[in-house]
Asker: 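Dropping the structure in here first, questions after.
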Amino acid sequence: MTSDRGSRPPRCLVTGATGYIGGRLVPELLAAGYRVRCLARSPEKLRDYPWAGEVETVRGDVTDARSLAPAMRDIDVAYYLVHALTAGEGFEETDRAAATVFGEQARAARVGRIVYLGGLTPSDVPEQELSPHLRSRAEVGRILLASGVPTTALRAAVVIGSGSASFEMLRYLTERLPVMVTPSWVSTRIQPIAVRDVLRYLVGSARMEPEVNRTFDIGGPDIVTYRDMMQRYAEVADLPHRLILPVPMLTPGLSSHWIGLVTPVPRSIARPLAESLRYEVVCREHEIAQYVPDGPGQPFDLDKALRLALQRVREARVTTRWSSASVPGVPSDPLPTDPDWAGGSLYTDERRRDVDASPEALWRVVEGIGGDHGWYSFPLAWAVRGWLDRLVGGVGLRRGRRDTDRLRVGDSLDFWRVEEIEPGRLLRLRAEMRLPGPAWLEMYVEPDGRGGSRYRQRALFHPRGLLGHAYWWSVWPFHSLVFGGMARNIARTAAGPASPEPASAAVSP
């Protein structure tokens, strides 16, 4: 579509820009010549993205009409890429309310088009019998289509791309389990699609004519079972043939526990994925090609999609991950600077070390912490804390890192998230494990004035109720071992190659 607001390129509003799809869509829109405005509840999370200086960022929430109204001003195309998947009970009502507000504000602002990415639903199952996840995705699409704003509602099944939850689940299950006793849904037919094709259809949808107001099924050329996908991944990854034994008694709840034990995907995300895989989700049409033509070799076949995703992982070029979005239910407030913040206690554990290394060498160790590098102290304690977090539905340790050497604000880092980073000086992490109160871990690097450096480390915990206080004092006896050991080993590692290798696992304050 062409903008009716003058001769300037059309302006797009992207919601969910900190998420997996949104973070990849923005640079594609910029490359196509669009102007981009990003709506984010925490705009600072977009600060370190390579395209941050090329977009306009506004603070807001899709459930808040007051923040949406200015965000919609002068917008030609509005992308709706958010959902309340892991928000717990009531997520369907949250999705419903958000879509309604979004449609109303888009209509009031005379937005030219809404583009929505939802889920592919089976043709032979009544909507009321679908999983809550698929049912909500379908309802959001209907609300936007009825908003009075021309809407393109794309419906996809499994998205294959480096860092996607579906790909990570497939990769870990196949690589870690040469023999699998699996849920019966491994025999269900699905039609996966490469993330590059999803992005191509999203960008192309912006130019549809005003009379187009409908859903489109999007998928790759292959219709396969999940079992087929695992075997084909094994071939692409040069792994031996996998022995897969489906059993009927694994319910979606048990399946999500099984996925959570083997993969980095937490149960809160694994469950809706497992529920969706119970249904046959195959495209009923490919009419999107009439509006966004496919080029030679498009859409990508499954083997090519898997090869591209795996190549990105092996080359450490994963630009966004399923964990890019914050985990609902964890604290999102910034670090308190007042001990009486929120009217309560603020427990701290502080460590300092003089380091016989340059500030640059020390910073490399600090920025490389977590993931495969580990947390430099008592691996068993970190591993146990990670397992306990998984058992109570948390994210655990296995999220790892997006990049092995570099961090940016908003990155997930095992069961932490990067809240602030000042290159060469400060790394602040916010805990996303299950805790009775918000927690942070800060690491500072300072020159000592004599050619060496000084390392400062601070763990902070704001207890929530009596349980929070009890938690802090129950783990306090281990702080010297965990946090003291971390500071000592980070200093040793920075000081030279003769130092001990870092621990390979990762814990909470």
Side-chain angles (χ1 to χ4, degrees), residues 9-31 34-87 94 98-99 101-102 105-106 109 111 114-115 117 163 202 319-337 341 402-403 406-413 416-423 425-432 438 440 442:
R11 175 181 280 124
C12 298
L13 175 69
V14 177
T15 63
T18 59
Y20 177 71
I21 293 292
R24 297 188 180 210
L25 176 62
V26 170
E28 297 293 328
L29 290 170
L30 292 171
Y34 292 98
R35 294 174 294 157
V36 177
R37 177 183 296 160
C38 296
L39 177 75
R41 286 178 295 180
S42 303
E44 58 273 10
K45 290 183 180 179
L46 297 173
R47 186 192 69 193
D48 295 332
Y49 280 69
W51 40 259
E54 303 176 58
V55 304
E56 177 188 0
T57 304
V58 296
R59 186 181 301 274
D61 191 297
V62 291
T63 62
D64 180 11
R66 289 176 298 179
S67 65
L68 266 183
M72 290 282 190
R73 191 172 299 125
D74 298 325
I75 289 296
D76 299 290
V77 183
Y79 284 89
Y80 192 83
L81 302 174
V82 296
H83 56 85
L85 173 62
T86 57
T94 301
V101 170
F102 192 84
Q105 293 302 313
V111 170
I114 294 172
V115 181
L117 178 61
L202 284 169
T319 55
T320 62
R321 300 181 69 217
W322 61 270
S323 56
S324 296
S326 295
V327 176
V330 301
S332 57
D333 299 297
L335 173 71
T337 55
W341 175 74
R402 176 190 59 83
D403 186 292
R406 298 288 179 264
L407 293 173
R408 66 190 183 200
V409 170
D411 271 358
S412 61
L413 180 57
W416 304 88
R417 188 168 298 275
V418 179
E419 183 171 270
E420 181 59 79
I421 184 167
E422 298 177 17
R425 177 181 175 271
L426 165 67
L427 175 62
R428 179 184 300 140
L429 308 176
R430 190 181 72 245
E432 290 193 334
W440 294 264
E442 288 185 325

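Residues take their numbers from the sequence shown, with the count starting at 1.
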Asker: Tyr34 ring centre to Arg11 NZ or CZ under 6.0 Å, with the angle to the axis within 45°?
Answerer: no

Asker: Can you name the residues that form a salt bridge (Lys or Arg N to Asp or Glu O under 4.0 Å) with Asp48, not counting sequence neighbours?
Answerer: none

Asker: Using the salt bridge (Lys or Arg N to Asp or Glu O under 4.0 Å) criterion, which residues pair with Glu54? Sequence neighbours excluded.
Answerer: none

Asker: Partners of Glu420 by salt bridge (Lys or Arg N to Asp or Glu O under 4.0 Å), sequence neighbours excluded?
Answerer: Arg47

Asker: I'd like to check Val115 versus Leu202 (side-chain heavy atoms, cut-off strictly below 4.5 Å). Are they in contact?
Answerer: yes

Asker: Do the side chain of Arg37 and the main chain of Ala71 share a donor and acceptor less than 3.5 angstrom apart?
Answerer: yes

Asker: Without hydrogens or angle criteria, can the side chains of Glu432 and Trp416 be said to hold a donor-acceptor pair below 3.5 Å?
Answerer: no

Asker: Listed by chain and number, what are the salt bridge (Lys or Arg N to Asp or Glu O under 4.0 Å) partners of Arg24, not counting sequence neighbours?
Answerer: none

Asker: Do Val101 and Thr63 have side chains that get closer than 4.5 Å, going by heavy atoms?
Answerer: no

Asker: Report the residues that fulfil ring pair (Phe, Tyr, Trp, His ring centres under 6.0 Å) with Tyr79, sequence neighbours left out, ordered by chain and then residue number.
Answerer: none

Asker: Under 4.5 Å between any side-chain heavy atoms of Val111 and Val77, yes or no?
Answerer: no

Asker: Sequence neighbours excluded, which residues qualify as side chain to side chain donor-acceptor pair (under 3.5 Å) partners of Thr15?
Answerer: none

